[in-house]
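It should be emphasised that the depicted structure is a prediction, and the values quoted were computed from it without experimental measurement. Chain naming here is simple, since letters A, B, ... match the order of the sequence lines and numbering starts at 1 in each.
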2 protein chains.
Amino acid sequence: MSEQTRMPAGRPSKGERTRARILAAAAELFAASGFHAVSLRDIAAHAGLTHAGLLHHFPGKDSLLIEVLDHRDREDAEVLSQVAPREHPEEFLRGVVRVVHRNMRTPGPVGLYARISTEAADPDHPAHAYFVRRYELLRAGLTEAFTALAARTGAPPGHDPALTAQTLVAVMDGLQTQWLLAPAAIDMHAAVVAFFARIGLDFRDVPPLPDRRSGSEPSSASTTSAEADT
Amino acid sequence: MSEQTRMPAGRPSKGERTRARILAAAAELFAASGFHAVSLRDIAAHAGLTHAGLLHHFPGKDSLLIEVLDHRDREDAEVLSQVAPREHPEEFLRGVVRVVHRNMRTPGPVGLYARISTEAADPDHPAHAYFVRRYELLRAGLTEAFTALAARTGAPPGHDPALTAQTLVAVMDGLQTQWLLAPAAIDMHAAVVAFFARIGLDFRDVPPLPDRRSGSEPSSASTTSAEADT
DNA sequence: GTCTATACTCGGATAGAC
DNA sequence: GTCTATCCGAGTATAGAC
C-alpha cells in the first residue's frame, strides 16, 4: 500500500514534481469539499494539467485518495512514533492529546478523515483495508500504553486496557463528528483531557504542538514504532 | 424540514402509496449499499417506475435521503421519548443503552447514519441543519438526564453533566465507526455499559429491544418529549 | 516518459408528451 | 402521475503527439 515512498533526496524529476503537485491539489480539494464532490478534472486543473494527464501518474481517483490519507497519516505518526507506548506510556498518551489539540486548527483534513473512515465501512471501498489496519494499530498502541501504565501504577481490579483504548479512540472520533458540525459548541481538547482525568491521568499541562509546516515532505518518516507488530 | 409528515389516516391516495414505496425502496438500498453507490434508477426500478417518475415525488436524491433519515429517526425517538429525561433520568439512559443494543443488529442503517453525519459537516450539505439540530437535541436530553441524576444522588465535585453528555454521544458515535469497520472486534453494547459503569451507573441488566417491525409506519409518532425546548 | 484529445458509460436532472 | 428523450458532468480507457 505504501511502497516506493522513500524520498529520492536528490533533484526530483519532472514527473515527481508533477506527482507532488497533483497530490497537494488533491489534498487541498478533498479537505475542502470531500471525496465525491471533487472531480479529477478539478484536481487536474488545479495542478495545471488535464485529467487524462493526471491519470498517467495515478491509476484512478481511489489511489489518489489513499495516497493523500497516507501522507497525512505519516505526519501524525511523526508525533506518536517518537516514543514507544510500552516504554513511555505517559509520553505516548501525551502525544495523543497534542494531536487532538492540533486537530482543532485543521478542520479540513479532520473532516476528510472522518468522512472517509465512515465511507470505508463498505468492504468494497478503496480505503477499507487501510482504515481497518489503521484502527487496529491505533488500538494496539493505546492498549500497550494502558497496559504498561496499569502494571506500573497498580491496576484497579476491573480495569481493561483494551476496552479503555477502544473507548478513547471512540471519544476522539465521536468528538470530531460533533465538533465538525458545531465547532463553537465543542472543545475536543478539553473533552479528551477530561476523559483522561476520569481514568486518573492529569494531562492539563500538555503543551500544544507547533503549526504544521506547509506542504513539505516529512524529513524522516522511516519506521514508525507505532506500527509495531501486534 | 419535517412538515407534512402526519399520517393521512384515511385511505392513502395513489401518489401517497407510490411515495411510500419509493421511500421503502430507498431505505432498503441505502442501508444495503450506502448513499453514493445507489442510483435513482436503482431505487426507481425497485419501486416499479422510472427515475424520472421518481423525481416527480422527490425533488432530488438529497431530499430522498433526508426523508429516509427522518423516518428512521422517529423510530428511535419512539423509544427515547417514552420517558422524560428530567423526571426519569435512569429510564431515559436505559433507553439509550437499548438503542445501542439494537443498533448492533442493523449495520445498514447505522452505517448510513454515520456516513451522512460526517458528510453533513459541510454547511452546504442538504442534511447539515438536520444533524446540527439532532446533536443539539441529543446532548440537551442527555444533559438534562445527567443533571437530574446528579441532583438526586449527590453530584461529585467536578462533575459536568454537559461534558458527560457530549462524551457519551462521542463514545456511541465513535464505537459505530470502529464497529462498522470490524464488527467482530467491537461490542458496542458492552463498551457503552462499561462507560456507564465508569460514571457509577450499572446498566448490565437492561433488557434488549424487540426487533424492528418491518417497513410499517410508526403507529403514533406525534410529539416527542426528547424534542423539548432547550 | 509525459501529456492531450477523444470517446464511452453511467450518474442526476430537466422538458415536454401522454 | 408517469414516461421518453435529452442534457451535462462524472470516472475511465485508449490512441497518439511530443
S.K.: Can you tell me if B/T50 touches the phosphate of D/dT4, counting only side-chain N or O atoms and a distance under 4.0 Å to OP1 or OP2?
M.R.: no

S.K.: Applying the side chain to side chain donor-acceptor pair (under 3.5 Å) test to A/R19, which of A/E67, A/H56, A/H57 qualifies?
M.R.: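 Considering A/E67, A/H56, A/H57, a side chain to side chain donor-acceptor pair (under 3.5 Å) with A/R19 is found only for A/E67.
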
S.K.: Report the distance from atom CG of B/L49 to atom C1' of D/dG1, rounded to the nearest whole Å.
M.R.: 10 Å

S.K.: Mind checking if A/S13 touches a base, just sugar-phosphate, or nothing, with heavy atoms under 4.0 Å?
M.R.: nothing

S.K.: Can you tell me the distance, in whole Å, between the CZ atom of A/R17 and the C1' atom of C/dT2?
M.R.: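 Going from A/R17 (CZ) to C/dT2 (C1'), I get 12 Å.
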
S.K.: Only counting residues at least two apart or in another chain, list the ones meeting side-chain contact (heavy atoms from CB on, under 4.5 Å) with A/V132.
M.R.: A/H128, A/E136, B/L181

S.K.: Any sub-3.5 Å donor-acceptor pair from A/Q178's side-chain atoms to B/Q166's backbone N or O?
M.R.: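 Between the backbone of B/Q166 and the side chain of A/Q178 there is a qualifying donor-acceptor contact (under 3.5 Å).
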
S.K.: Rounded to the Å, how far apart are A/E16 CD and C/dG1 P?
M.R.: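 For the pair A/E16 CD and C/dG1 P, the rounded distance is 12 Å.
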
S.K.: Can you tell me how far C1' of C/dA5 sits from CG of A/L54, to the nearest Å?
M.R.: 16 Å

S.K.: Can you name the nearest heavy-atom pair linking A/S63 to A/F58, along with the distance?
M.R.: OG-CB, 3.7 Å

S.K.: Roughly how far, to the nearest 0.5 Å, is the NE2 atom of B/H101 from the CG atom of B/N103?
M.R.: 10.5 Å

S.K.: Mind calculating the distance between NE2 (A/H57) and C1' (C/dT4) to the nearest angstrom?
M.R.: 12 Å

S.K.: Could you give the distance from CZ (A/F30) to CG (A/D42), rounded to the nearest 0.5 Å?
M.R.: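 It comes to 10.0 Å.
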
S.K.: Quick one: A/H56 NE2 to D/dA13 P, roughly how many Å, whole number?
M.R.: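 About 15 Å, once rounded to whole Å.
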
S.K.: Within the 4.0 Å limit for protein heavy atoms, which parts of nucleotides 6-18 of chain C are touched? Write it as a string from 5' to 3', B for base, S for sugar-phosphate only, - for none.
M.R.: BB---BBBB----

